[in-house]
Amino acid sequence: MTPYARRGVHGQTVETLARRVLSGELPEGAVLDLVALRDELDVSLTALRESLKVLAAKGMVDARQKRGTYITARSDWNLLDADVLRWQFAGSTDAGADLALLRNLGEVRGIVEPAAARLAAARRDATDLAALDAAIDAMAAESGDRPAAAVEADLSFHRALLRATHNELLERMEMVIESGLAHRDEIVHSSPHGEDPVPSHRAVLDAVREGDGDRAEHAMRALLEQALRDLHKVHRDTAAPTKPPKKGDETR
């Protein structure tokens, strides 16, 4: 999915407004002064209203007669929307908030992906296996020098696994899983502290290839546990305060 920021003035306006809402700069219940926003963002009133329609479709704003256009309560937001998830990560400067959101997404993945792996073991076809093989090969080819390529290879594997379920609704879950997985991968693959992801992914693929649903589900749970360990390890390393050198260490 192309980020709104790459879709011209309209897209940039959507991104700007969304991040202000998610950061709390535009708090819940705030009534928007459309004329002031138009002037500040240097867009037409029509373009501003079109951008607000995008946010309204995601539950983040609403409009009522006599009240105007206002920011809705967070409980009304579509937090599983891929754009909303991406905006939360992109706009966050709080590592703790990032970790909390990733934990929530990890719990969602823990419910969805093991069951998807079991279903994929029963329904996969030759095309699915070829896509999973290609993703594993791409993961194995990355030595860690190209984090972006490693992230894309990992995403490709999980997309292919969901497609192998041949369930349209499960396939759509990639929009949710992908946002969190991409952010987690960017953190982990940019660090030297993560475990090699290939063996855990290959274990899932081997079970799916052999049609062993129990083993596929178990292997996916193990993969997700490893992913969580990696995330916590990197988070601890980056969050640890730098200790001043002990007296006398400066000369060692």
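Note that the structure is predicted; figures quoted are calculated from it, not measured.
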Exercise for the section: Assess whether side chain to side chain contact (heavy atoms under 4.5 Å, CB included) is satisfied between Trp77 and Val21, documenting all intermediate values. Expected result: CA-CA 11 Å; Trp77 301 352; Val21 174; 3.6 Å; yes
Exercise for the section: Run the numbers on Val43 and Gln12 for side chain to side chain contact (heavy atoms under 4.5 Å, CB included), then give the verdict. Expected result: CA-CA 10 Å; Val43 296; Gln12 291 169 7; over 6 Å; no
Practice task
Could you walk me through whether Arg221 and Glu225 pass the salt bridge (Lys or Arg N to Asp or Glu O under 4.0 Å) test, one step at a time?
Solution key: CA-CA 6 Å; Arg221 291 193 186 282; Glu225 287 169 5; over 6 Å; no
Handout entry: Intermediate values then yes/no, side chain to side chain contact (heavy atoms under 4.5 Å, CB included), Met175 and Leu80
Key = CA-CA 8 Å; Met175 305 297 287; Leu80 291 179; over 6 Å; no
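Note that CG of Leu223 is 7.0 Å distant from CZ of Arg109, once rounded to the nearest 0.5 Å. Arg103 contributes atom CZ, which lies 9.5 Å from atom CD of Glu107 (distance to the nearest 0.5 angstrom). Rounded to the nearest 0.5 angstrom, Phe157 CZ and Glu152 CD are separated by 14.0 Å. Here the straight-line distance linking atom CG of Leu55 with atom CG of Leu32 works out to 9.5 Å at 0.5 Å rounding. Going from atom CZ of Arg163 over to atom CG of Leu132 covers 8.5 Å, rounded to the nearest 0.5 Å. Taking CG from Asp42 and CG from Leu48, the interatomic distance works out to 12.0 Å, rounded to the nearest 0.5 Å.
His158 pairs by the ring-ring contact (aromatic ring centres under 6.0 Å, His included) definition with His201, not counting sequence neighbours. When the salt bridge (charged side-chain N to carboxylate O under 4.0 Å, His left out) test is applied to Glu25, the partners found at least two apart in sequence or on another chain are Arg20. Among residues two or more places apart in sequence or in another chain, the side-chain contact (heavy atoms from CB on, under 4.5 Å) test is passed with Ala30 by Pro27, Ile71.
For residues 68-82, the salt bridge (Lys or Arg N to Asp or Glu O under 4.0 Å) pairs, not counting sequence neighbours, are Lys58-Asp81. Residue pairs meeting the ring-ring contact (aromatic ring centres under 6.0 Å, His included) criterion with at least one member in residues 34-74: none, sequence neighbours excluded. Legend: side-chain hydrogen bond (donor to acceptor under 3.5 Å, both in side chains) pairs involving residues 115-135, not counting sequence neighbours, sorted by first then second residue: Arg118-Asp214, Arg118-Glu217, Asp128-His166, Asp133-Arg209.
Side chains of Thr16 and Ser51 form no contact here, defined as non-hydrogen atoms less than 4.5 Å apart. Under the 4.5 Å side-chain criterion, counting only non-hydrogen atoms from C-beta, Leu85 is in contact with Leu105. Side chains of Glu50 and Val54 form no contact here, defined as non-hydrogen atoms less than 4.5 Å apart. Between Leu155 and Ile177 the shortest side-chain heavy-atom distance does not fall below 4.5 Å. With a 4.5 Å cut-off on side-chain heavy atoms, Val31 and Thr69 do not count as touching. Here the side chains of Leu17 and Leu41 are in contact, with some heavy-atom distance below 4.5 Å. The closest side-chain heavy-atom distance from Val108 to Glu113 is not below 4.5 Å. In this structure, the side chains of Leu162 and Arg172 stay at 4.5 Å or more apart for every pair of heavy atoms.
Minimum interatomic distance between Ala160 and Ala131 (heavy atoms only, all atoms of both residues): CB-CB, 3.9 Å. The two residues Val208 and Ala117 have their closest heavy-atom pair at CG2-O, 4.0 Å. Contact detail for Gly110 and Leu224: the closest heavy-atom pair is CA-CD1, 3.7 Å.
If you chain together hydrophobic residues whose side chains sit under 4.5 Å apart, Leu228 and Val151 never meet in one group.
Using modelled atom types, no side-chain atom of Glu171 and backbone atom of Thr165 make a donor-acceptor pair closer than 3.5 Å. Using modelled atom types, one side-chain atom of Thr72 and one backbone atom of Gly59 make a donor-acceptor pair closer than 3.5 Å.
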